[in-house]
Amino acid sequence: MPDVPLLSVRNLSIQFPTPTGLVRAVEDVTWSVRAGETLAILGESGSGKSVSASAVMNLIDSPPARISRGEILFNGIDLLKASRRTRKAVNGKSISMIFQDPLAALNPVYPVGGQIAETLRAHGVDRRTAHRRAVELLARVRIDDPERRARDYPHQFSGGQRQRIMIASAIALEPDLLIADEPTSALDVTVQAQVLDLLKSIQAESGMGMVLITHDLAVVERIADRVVVMQAGRVVEQGRAPEVLTDPQHAHTRQLLDAVPGRHGFPVPPAAKSGPPLLEVDHVTRVYGPLPSRFATGATRPVIAVDDVRFSMASGETLGIVGESGSGKSTLVRMLLGLDRPTSGTIRFDGKDLLSMSPAETFKVRRRMQFVFQDPTASLNPRMTVQQIVSEPWAIHRDVLDPEQWRPRVSQLLAQVGLRPDHADRYPHEFSAGQRQRIAIARALALRPEVIVCDEAVSALDVSIQAQVIALLKELRSELGLSYVFVAHDLGLVRDFATRVLVMYRGQVVEQGTVEEVYDRPRHEYTRRLLAAAAGGLPHAA
Amino acid sequence: MPSSIPASGTAEMTAQPLSVRSPSTMSNSLAALWRDKLAALSAVILLVVLGCAVLGPTLLADEARAMNLQARNAAPFSGGGGWLFVLGADALGRSLLARIIVASQNTMVIAFSAVACALLIGGALGLIAGYKGGWVSAVLLRLADSIMSFPSMLLAVIVLFALDPGITNVILVLAVSRIPVFLRTIRAEVLEIKERLFVTAARAMGAHTDRVLLRHIAPMVLPTAINLATLEVAFVMLVEAGLSFLGIGIQSPEVTWGLMVADGRNYLGSAWWLAFWPGLAIMLVTISLNLLSNWLRILTDPVERWRLVSKGAV
C-alpha cells in the first residue's frame with residue numbers, strides 16, 4: 001500500500017445560504033484515502049457526511065454554496081482550483097460515484113447493457129468493443145446470463161441487481177477511486193451483504209480506493225479499513241475501523257454505537273400475560289391480480305402476496321414480524337388494519353371475526369387497534385396543526401372525549417411522547433423526522449388502544465433517534481400495558497423490542513417462536529441466511 | 001404523567017422550527033399581503049372592480065345610456081365632454097368609462113356565478129369520481145367527455161334559442177359547459193392524494209368517507225381548484241362575449257365587457273379604443289385574480305408560508 005494518499009480533503013469548509021441564514025454544511029473537514037483502501041464516512045442525516053464527497057465530484061452548485069476554505073488533492077492536483085477540463089477528465093474516468101437509488105440513476109428507456117457501453121463510448125471506445133466490455137462487466141458484477149440480460153431494461157431487475165449494474169457502470173473505466181453514497185441503504189439485508197462483498201472483491205482485484213458514505217455501522221464493520229465519524233458538519237473522530245468501533249474516543253461515536261440495538265446484550269422482554277389470544281390470524285391468504293378462473297390464458301399471473309399465514313398474539317405481547325421487501329409484511333399489516341381484505345382466511349380480534357363484522361362493529365374495533373407507519377412525514381397531513389392531528393381520532397370517535405377536553409389531553413399526550421405542549425400549534429414540517437414520529441405515536445395513543453401496529457415505524461430514522469423512539473415505545477408498553485405488532489426488516493431492532501418473532505419469506509411464515517428460539521436456534525434455512533447477513537451489526541447474535 | 005424520556009434528543013432540538021408563527025389573524029394576513037406588492041395591487045384592483053359592480057349601475061346608469069352623437073367614436077384623452085369621456089366614446093357617442101363601470105356588474109355576476117357553479121358541481125363530482133372509482137367514476141367521466149366533445153357554443157345556441165336568453169340562462173349554460181374541466185382536474189388530483197399515507201391513516205382510524213374527503217382531500221385539492229377557477233373566469237367572460245355577439249347572450253340595452261369587445265370589433269381600424277378598454281378590463285381582472293389566488297395558495301400552505309413572511313419575498 002503506497003504511503004501517498006490518492007485523494008485527500010484538507011480543512012474543507014462549505015456553507016449553504018438558506019432563508020434562515022448561512023448553514024455550515026461542513027466545517028474544517030480533513031480526510032484522505034489511499035489506493036486499495038476503504039474509507040467509511042459515518043454520520044447521521046444532516047451531519048454533512050455526503051457534502052465533502054459531493055465537493056470532490058463537483059456536484060455542489062457554487063454559488064449558491066460557498067466553498068470558503070480548504071483543498072481537495074487528487075494525485076497532487078487541487079481539484080477546487082483545477083480548470084473545468086481537468087475536472088471533467090478526472091470525474092467519471094479517475095473517480096466515479098454510485099448513489100443510493102439505482103433506479104433513479106438508470107435511464108428507464110434504454111437497455112442496461114447499452115447504458116454501460118455508453119459510458120465507454122463517451123471515452124472513445126468503439127461500439128463493438130464497448131458492447132463486449134459491457135457484457136463482461138455485467139458478468140463481473142455477477143449478473144446471470146449477461147449476454148441476454150444486457151438487452152433488458154432497468155425495471156426488469158431487482159433492487160440489488162440494479163445496484164450491481166450501477167457498480168458495473170461505475171467501474172467500467174477502471175477508476176482509481178470509487179465513491180459510494182449509501183450504496184446499500186435501500187436494499188434488503190441479505191442483498192446488502194452481497195453488494196458489499198462484491199465491492200470488496202472488485203477492490204481487491206483492481207486496487208482502487210473507495211470512499212463509502214453511510215449511516216449504518218454494520219456496513220462500516222463489514223467493509224471499512226478506516227472510518228471518519230461526522231457530526232454536525234465536523235469530523236469528530238477518525239482512525240482504523242476496528243479501533244474506532246471497539247474503543248471509541250468521542251462521545252458522539254459512543255452514542256452511535258450504543259444506539260445499535262443489542263450492543264449491550266438484549267433485555268429480557270416482559271413475560272406476556274397468559275390469557276385468550278387478542279389477535280388471531282388464521283389461514284389468511286391475499287391474492288392480487290386476476291383470479292385464476294376468470295382469465296385462464298391471460299399473460300398476467302395472480303400474485304400471492306400473503307400465503308396461508310397463521311399466528312396468534314396474546315394481550316401484552318410484542319410480536320415482531322421480520323422479512324425483506326416483497327415478503328408480504330405490508331399486505332399483512334393492511335389486512336390487520338382493515339385497509340384490505342384477505343382473499344381467504346379469518347382474522348379475529350378479541351375472539352370476534354373482523355371480516356364478518358358490521359361497519360358499526362368494525363368502527364368500534366378500530367378504537368382498540370391503532371397504528372404507526374414508516375414515514376412520519378407522509379402519514380401526517382401537512383395542512384393540519386399538531387393539535388388537529390392528535391385530536392383527529394376523537395373527532396372521528398365522537399363519544400370518547402368531550403371537545404373541551406381535547407386541548408389539555410393533547411398537551412398531556414405530547415408530554416408523554418417527549419414533546420412540549422406548546423408544540424400543539426405547529427405544523428408537521430416544523431419538526432424533525434424523529435419528532436414527527438413522536439407526533440404519530442401521540443395520535444396512536446389518543447384512543448387508549450390495546451394494540452399498536454407499527455409498520456417499519458423507526459426504519460426511516462437515524463440510529464440514535466431510532467433508539468429514543470424504541471425506548472419510548474418500550475416505556476409506553478410497560479406503562480399502559482400495550483401490545484405491539486412490530487413490523488421491521490432490522491433484525492437487531494426486533495430482537496431488542498419484540499417478545500415473539502415471525503419470519504416471513506415470499507408471503508409465507510417460515511418460522512415463528514419466542515425471540516430466543518428464533519435468534520439462537522433458527523430452524524429454517526432462510527432465517528439462518530438472514531441472521532448471517534445481519535451479523536455485522538449484531539455482534540451478539542449466534 | 002410526564003414520561004421520563006428526554007424531551008427529544010440533542011440532535012432533534014437543534015432543528016429549530018423553520019417557519020415563523022402562523023399569521024392566523026386578519027391583521028397578520030393583511031400585513032403579509034402588504035409585503036407582497038403585486039398581490040396587494042391585485043387586491044386593490046379587484047376591490048375597485050367590486051365597488052364598480054355594486055355601485056356602478058345605480059350611479060351611472062343614465063350616463064352609460066346617454067347618446068351624444070357629436071361625440072361619436074371620440075378618441076380617448078381628447079379633452080371634450082368632461083371626465084366621463086377620458087376613455088373616449090363608442091359609435092353612438094356613449095361614454096366608454098361609464099359603460100365599462102356599469103357593465104362590470106353583469107360581467108362579474110355572470111363570470112363568477114358560472115365559474116362558482118362549475119367549481120362546486122365539478123369539484124364535488126370530481127371528488128366522488130376520484131375517490132370512489134369504479135363505475136361511478138366511469139359514468140361521470142363519460143358524461144364529462146360527452147359535454148366536452150359537444151361544441152359548447154352549439155350547446156349554448158340550442159339551449160338559449162329554446163329558453164329565454166337572459167342572465168340566468170347564460171350562467172347556466174356557461175356553468176354546464178365548464179363542469180368537465182373541473183371534474184377532470186380535480187379527479188386527477190384526488191387520485192394522487194388518496195394514495196398518500198395520511199389518507200390511509202385517517203381511514204385506518206375509522207374516518208368515514210365524508211370526513212376523509214372534506215378534511216383531508218379537499219383542502220389539498222383546493223389550491224389547484226382555485227387557480228383553475230381564476231383562469232376559467234377570464235375564459236367564461238370571453239365565451240359570454242361570443243354568445244352576446246351571436247345575439248343569444250345578453251341583450252341590449254344590458255351590457256357586458258365581452259359584449260363591448262364584440263361591438264368594438266367592427267371599428268378596430270378606425271376606433272381601436274372601443275374594444276381595447278373593455279379588453280384591458282378583462283385582462284386586469286384575470287391577472288389580478290391569478291396573482292391573488294397564487295398568493296392565497298402560498299398563504300394557506302403551512303409549508304410555504306414563510307415565503308410571505310420573510311423579507312424579499314416575490
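In what follows, chains are A, B, ... by sequence order, proteins preceding strands, each numbered from 1.
- Of the atoms belonging to A/Arg334, it is side-chain heavy atoms, and not backbone ones, that fall under 4.5 Å from chain B.
- More than 12 heavy atoms of other residues, nucleotides or ligands sit less than 6.0 Å from atom NZ of B/Lys37.
- When each of A/Asp375, A/Asn381, A/Leu337, A/Ile396 is scored by its heavy-atom pairs under 4.5 Å with chain B, the top score falls to A/Asn381.
- With a 4.5 angstrom heavy-atom cutoff, A/Leu380 touches chain B only via backbone atoms.
- Contacts between A/Ala395 and chain B at a heavy-atom distance below 4.5 Å involve backbone atoms as well as side-chain atoms.
- With a 6.0 Å cutoff to the six-membered ring centre and a 45° limit on the axis angle, B/Arg178 does not count as a cation-pi contact of B/Phe182.
- Listed for the A/His423 side chain is no donor-acceptor partner under 3.5 Å among the backbone atoms of A/Ser411.
- If you measure heavy-atom distances from B/Arg203 to chain A, the contacts under 4.5 Å come from both the backbone and the side chain.
- Most heavy-atom pairs under 4.5 Å with chain B, from the set A/Gln388, A/Arg443, A/Arg367, A/Met369: that is A/Arg443.
- Rounded to the nearest 0.5 angstrom, B/Asn227 CG and B/Leu222 CG are separated by 10.0 Å.
- The environment of B/Phe235 atom CZ is sparse: at most 12 non-hydrogen atoms of other residues, nucleotides or ligands sit within 6.0 angstrom.
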